[in-house]
*Asks:* 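I'd like to ask some things about the structure below.
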Amino acid sequence: MKGKTLVAFTSKSGATEEAASLIAKILKEKNLDVDLVNLKKDKKVTSSEYDNVVVGGAVRCGNIYGEVEKFFKENSFSKKNVALFIVSG
């Protein structure tokens, strides 16, 4: 991967935040420019300035948290590298 990377997440109990932080740390160790963003706190973040987007969320009762769904609906991921992760516990 090259370019700027967004690791975005939403978390209720902290498990997804922990996973997102670990992903961001590993990517930074590989000399990538990484922003770690909590979608609950930063509702204005967009994918536009990023080449790579990693998005994570928790699943409750078969549904992913609304902030993640909203992020996907409001952004374009054309010509971007995209990775997803889900935490269920």
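Residue numbers run from 1 in the order of the sequence given. Predicted model only: the values in this text are computed from it and were never measured.
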*Asks:* Any donor and acceptor pair, going by atom type alone, linking the side chain of Asn38 with main-chain N or O of Ala8 inside 3.5 Å?
*Replies:*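 No, because the side chain of Asn38 does not come within donor-acceptor range (under 3.5 Å) of the backbone of Ala8.
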
*Asks:* Identify the two heavy atoms, one from Leu84 and one from Phe72, that lie closest to each other, and give their separation to 0.1 Å.
*Replies:*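 Closest pair (atom of Leu84, atom of Phe72, distance): CD2-CZ, 3.1 Å.
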
*Asks:* Can Phe77 be reached from Ile64 by stepping across I, L, V, M, F, W or Y side chains whose heavy atoms are under 4.5 Å apart?
*Replies:*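 Linked, Ile64 and Phe77 end up in one cluster.
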
*Asks:* So if you build clusters from Ile, Leu, Val, Met, Phe, Trp, Tyr with side-chain heavy-atom gaps below 4.5 Å, do Ile26 and Leu6 land together?
*Replies:*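 No; tracing contacts between hydrophobic side chains, which count when under 4.5 Å, never links both residues.
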
*Asks:* Could you grab the distance from atom CG of Asp42 to atom OG1 of Thr10, nearest 0.5 Å is fine?
*Replies:*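 The CG atom of Asp42 sits 12.0 Å away from the OG1 atom of Thr10.
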
*Asks:* With clusters defined by side-chain heavy atoms of hydrophobic residues (ILVMFWY) lying less than 4.5 Å apart, directly or transitively, does Leu22 cluster with Val68?
*Replies:*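 Each belongs to a different hydrophobic cluster.
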
*Asks:* Does the ring of Tyr65 carry Lys40 above it, NZ/CZ under 6.0 angstrom from centre and within 45° of its axis?
*Replies:*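 Flagged: Lys40 positioned over aromatic ring of Tyr65.
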
*Asks:* State whether the number of non-hydrogen atoms from other residues, nucleotides or ligands found under 6.0 Å of Lys4 atom NZ is greater than 12.
*Replies:*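 Result for NZ/Lys4: enclosed.
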
*Asks:* Using every non-hydrogen atom in the two residues, find where Phe85 and Thr16 come nearest and quote the distance to one decimal.
*Replies:*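 Phe85 and Thr16 have their closest heavy atoms at CE1-CG2, 3.8 Å.
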
*Asks:* So do Val34 and Val7 actually touch side chain to side chain, heavy atoms under 4.5 Å?
*Replies:*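 Val7 reaches Val34 side chain to side chain.
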
*Asks:* Taking side chain as C-beta onward, heavy atoms only, is Thr5 less than 4.5 Å from Tyr50?
*Replies:*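 Answer no - side chains too far apart.
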
*Asks:* Can Phe9 and Leu36 be said to form a side-chain contact (heavy atoms from CB on, under 4.5 Å), step by step?
*Replies:* CA-CA 8 Å; Phe9 69 93; Leu36 179 63; 3.8 Å; yes

*Asks:* What is the distance from atom CD of Glu74 to atom CD of Glu69, rounded to the nearest 0.5 Å?
*Replies:*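 The CD atom of Glu69 is 10.5 Å from CD of Glu74, to the nearest 0.5 Å.
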
*Asks:* Would you give the length of the straight line joining atom CG of Asp33 to atom NZ of Lys2, rounded to the nearest 0.5 angstrom?
*Replies:*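 With rounding to 0.5 Å, CG (Asp33) is 15.0 Å from NZ (Lys2).
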
*Asks:* Looking at CG of Asp51 and NZ of Lys80, how far apart are the two atoms once the value is rounded to the nearest 0.5 Å?
*Replies:*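 It comes to 6.5 Å.
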
*Asks:* Of the non-hydrogen atoms in Leu32 and Gly3, which two are nearest, and what is the gap between them?
*Replies:*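 That closest heavy-atom pairing would be CD2-O, 4.1 Å.
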
*Asks:* Between the side chains of Ser76 and Ser78, is a donor N or O closer than 3.5 angstrom to an acceptor N or O?
*Replies:*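 The answer is no; no qualifying pair exists.
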
